[in-house]
Peer 1: 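Mind looking over this structure? Questions follow.
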Amino acid sequence: MLDHRMLRENLEHCNQRLRVRDPELDLSPFRDLDQKRRQLLQEEENLKKERNQVSQEIARAKREGEEAGDKIEEMQRVAGRIKELETERREVEKEWQEFLDWIPNIPAEGVPPGADEEENQEVKRWKEPTSFAFEPLPHWELGEKLDIIDSRRGSKVAGSRFYFMKNEGALLERALTNFFLDYHRRHHSYREVVPPFMANRDSMFGVGQLPKFEEDMFRVENNGFYLIPTAEVPLTNLHRDEILEEEELPVKICSYSPCFRAEAGAHGRDTRGIIRQHQFNKVELVNLVHPDQSFAQLEILVGEAEKMLELLELPYRRVVLCGGDLGFASAYTYDLEVWLPSSDKYREVSSCSNFTDFQARRIGLRFRPAEGGRSQFLHSLNGSGLAVGRTVAAIIENFQDEKGQVHIPPVLHDYMGGVKIIG
RNA sequence: GGAGAGAUACCCAAGUUGGCUGAAGGGGCGGGUUUGCUAAACCUGUAGUAGGGGAUCUCCCCCUAGCGAGGGUUCGAAUCCCUCUCUCUCCGCCA
């Protein structure tokens, strides 16, 4: 959510910046709605002021045994008028609010223009794509051969885009999860939590998942909860409607969670393998920081995620998302993409974003400056550190040998109970 | 699932015959007096916030809202009515 006062004063400028996302975006209806709302509000409040005053007079008159019939009669009319104005104002305000709810965050300076992921900018590359002296197999074939991934039975038990991890595959999934969590906790000073895996509407709205992405989520029918599409939802909402002390910042929270995604618009995409599933595991990192620090913190955050790939020795690149590919709430996003031989390209395993005060404003998340004074909205960031399922796929594919065995990266050996090779 | 109790400011806690109570009283915190320092005592200040307006526009003034949330009754609601949420206690069930 944008600050509507800032919007009022800089409407044209904001609109211009937002066109980096969408050249069609038009904020002009806001001006009228805002003006109308304020006008109605002023009229209403003036009458309320009058009502409050006269009610006091009526109270005094009654106490002293005087007649106040004419005043009461007058106030009956005023009360009626207030009710009318209130109704009208609420209608306008609703429209005003809804308009505001649908405006995405303003892209930061440096976000490249562009319509979709084709125009994201590569800014870094670590290790060259894996080369093979033989024909490498895709992870779904290897996974089946090694009996560590079972999509067929996943479909049987749940449906398409579900799978079982089995045997050393299940072990690898768990090892990665633990490795990620341990590393972030020990070396990047994260506080670890286990969050709810469902959340309510307010929480979904708070991070910007609603109102725009309703169809991307699973909703529980009998109570209206949503299955979280990412742990970002509970983690960012953890301190909702709270005022933190500046000394507490930055607050760094991490957790593992399963992520549930409807993948409504993805028919036919990535139908083979475990790259795009309705449920996958992810370790998520959330930072709540001072507004002056958020862009510096984003560099740290993306570095924390990159560290995971480097320790696993997986080739990756870092891209800056262009305006058209930027998430609704984000002002600036880096994606980390791991090399996936079966796709013959890099695939996203982490997305690290600075949301500036966009989520904080929706969520009511402030801090009190150390030197005193008014509390203000802080900045929120998050990043995957990392998506576990896709990392598993990357390990299987990048570290296979000509015998169809998979070599486990050394950093995971202890976590794998000594298993160094699958197969 | 059944039966009760509750939700008031940073915390505890009065207030439910509707009207100088936007909120008594504690505690805590800020400031001050006394004091060699500490402690203690005394005095004093303590809605944060949201929205709107004004201004000598980074912090000042005015107004509106705000006693769990949302509606309603009334000239006027913390107080009366309805709906919802959450917390606690007992019973039942359960990982």
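Keep in mind that what you see is a predicted model, and the values were worked out from it rather than measured. Every chain is numbered from 1 and lettered A, B, ... according to where its sequence line falls, protein lines coming before strand lines.
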Peer 1: Please state how far atom NZ in A:K48 lies from atom P in B:rA77, giving the value in whole angstrom units.
Peer 2: 10 Å

Peer 1: Regarding A:N52, tell me which of base, sugar-phosphate or nothing describes its non-hydrogen contacts under 4.0 Å with the strands shown.
Peer 2: sugar-phosphate

Peer 1: By nearest heavy atom, map A:K71 and A:R5 onto RNA chain B; which one lands nearer the 5' end?
Peer 2: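 Comparing both residues, the 5'-ward one is A:R5.
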
Peer 1: Tell me which nucleotide, if any, is Watson-Crick or G-U wobble paired with B:rU58 when both distances must be under 3.5 Å.
Peer 2: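 When the pairing criteria are applied, nothing turns out to pair with B:rU58, so the answer is none.
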
Peer 1: Closest to the A:R8 side chain: B:rG52, B:rC63, B:rA65?
Peer 2: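 Nucleotide nearest to A:R8's side chain: B:rG52.
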
Peer 1: Taking the P atom of each, how far is B:rU46 from B:rU56, in whole Å?
Peer 2: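 My reading of the P atoms in B:rU46 and B:rU56 gives 28 Å.
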
Peer 1: How do A:E73 and A:R90 order along RNA chain B: which one's closest nucleotide is nearer the 5' end?
Peer 2: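 Of the two residues, A:R90 wins.
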
Peer 1: Ignoring the backbone of A:R38, work out which of B:rU64, B:rG52, B:rC75 is nearest its side chain.
Peer 2: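 Output: B:rG52.
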
Peer 1: Under 3.5 Å for both donor-acceptor distances, Watson-Crick or wobble: does B:rC29 have a partner, and if so which one?
Peer 2: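 Paired with B:rG45.
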
Peer 1: Parallel, tilted or perpendicular: which fits the ring planes of A:H184 and A:H188, with parallel below 30° and perpendicular above 60°?
Peer 2: tilted

Peer 1: More than 12 foreign heavy atoms under 6.0 Å from CG of A:D116: is that the case here?
Peer 2: yes

Peer 1: Count the heavy atoms belonging to other residues, nucleotides or ligands that lie under 6.0 Å from NE2 of A:H13, then report whether that count exceeds 12.
Peer 2: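 Atom NE2 in A:H13 is not packed in, count stays at 12 or less.
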
Peer 1: Write down the partner of B:rG51 under the Watson-Crick or G-U wobble criteria, each distance required to be under 3.5 Å.
Peer 2: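 B:rG51 is paired with B:rC63.
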
Peer 1: Tell me: CD of A:E86 to P of B:rU74, nearest whole Å?
Peer 2: 14 Å

Peer 1: Taking the same atom, C1', in B:rG25 and in B:rC86, what whole-Å distance lies between them?
Peer 2: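 Those two atoms are separated by 28 Å.
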
Peer 1: So do the side chains of A:M1 and A:Q97 get within less than 4.5 Å of each other, counting heavy atoms only?
Peer 2: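 Side chain of A:M1 against side chain of A:Q97, heavy atoms only: contact under 4.5 Å found.
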
Peer 1: For B:rA14, give its Watson-Crick or G-U wobble partner with both distances under 3.5 Å, or none.
Peer 2: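 Paired with B:rA14, as far as the under-3.5 Å criterion goes, is no nucleotide at all.
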
Peer 1: When you measure from the side chain of A:R37, which nucleotide among B:rG53, B:rG19, B:rG51 comes out closest?
Peer 2: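 Minimum distance to the A:R37 side chain belongs to B:rG51.
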
Peer 1: Can you tell me which nucleotide in B:rG52, B:rC63, B:rC75 comes closest to the side chain of A:K49?
Peer 2: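 So the nucleotide nearest the side chain must be B:rC63.
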
Peer 1: Looking at the base of B:rG53, is there any donor atom on it, or on the side chain of A:E45, that sits under 3.5 Å from an acceptor on the other one?
Peer 2: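 No such pair is found, so the answer is no.
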
Peer 1: Would A:E214 and A:R219 pass as an ion pair if we require N to O under 4.0 Å?
Peer 2: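 Yes.
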
Peer 1: Looking only at atom P, what distance separates B:rC63 and B:rG22, rounded to whole Å?
Peer 2: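 My reading of the P atoms in B:rC63 and B:rG22 gives 14 Å.
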
Peer 1: Assign A:R60 to base, sugar-phosphate, or nothing according to its heavy-atom contacts below 4.0 angstrom with the strands shown.
Peer 2: nothing

Peer 1: If pairing requires Watson-Crick or G-U wobble contacts with both distances under 3.5 Å, which nucleotide is the partner of B:rA39?
Peer 2: none

Peer 1: Hey, does the Lys NZ or Arg CZ of A:R362 hover above the aromatic six-ring of A:F205, less than 6.0 Å from the centre and inside 45° of the axis?
Peer 2: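 Yes.
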
Peer 1: Begin with the C-alpha distance, continue with both residues' side-chain angles, and end with the deciding distance and a verdict on side chain to side chain contact (heavy atoms under 4.5 Å, CB included) for A:V392 and A:L176.
Peer 2: CA-CA 8 Å; A:V392 168; A:L176 272 173; 3.6 Å; yes

Peer 1: Is there a Watson-Crick or G-U wobble partner for B:rC84 with both distances under 3.5 Å, and which nucleotide is it?
Peer 2: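 Its partner is B:rG68 (Watson-Crick or G-U wobble, both distances under 3.5 Å).
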
Peer 1: Going by purine N1 to pyrimidine N3 plus the second Watson-Crick contact, or the G-U wobble pair, all under 3.5 Å, which nucleotide sits opposite B:rG1?
Peer 2: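 Partner of B:rG1: B:rC91.
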
Peer 1: Among the candidates B:rG52, B:rC75, B:rC63, find the nucleotide nearest to the side-chain atoms of A:H4.
Peer 2: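 Of the options given, the side chain of A:H4 lies nearest B:rG52.
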
Peer 1: Take atom P in B:rG2 and the same atom in B:rG18, then report the distance between them in whole Å.
Peer 2: 34 Å

Peer 1: Using a cut-off of 4.0 Å on non-hydrogen atoms, how would the nucleic acid contact of A:L41 be classed: base, sugar-phosphate, or nothing?
Peer 2: sugar-phosphate

Peer 1: Between B:rA69 and B:rA9, how far apart are the two P atoms, rounded to whole Å?
Peer 2: 10 Å

Peer 1: Which nucleotide wins on minimum distance to the side chain of A:R366, given the candidates B:rU49, B:rA65, B:rC75?
Peer 2: B:rU49

Peer 1: Can you check the distance between B:rU83 and B:rC90, where both ends of the measurement are the P atom (answer in whole Å)?
Peer 2: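 Per the computed distance, 27 Å lies between those P atoms.
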
Peer 1: Looking only at atom C1', what distance separates B:rG15 and B:rC94, rounded to whole Å?
Peer 2: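 About 42 Å, rounded to a whole number of Å.
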
Peer 1: Taking atom C1' in both B:rA13 and B:rU17, what distance in whole Å separates the two?
Peer 2: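 Looking at atom C1' only, B:rA13 and B:rU17 are 23 Å apart.
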
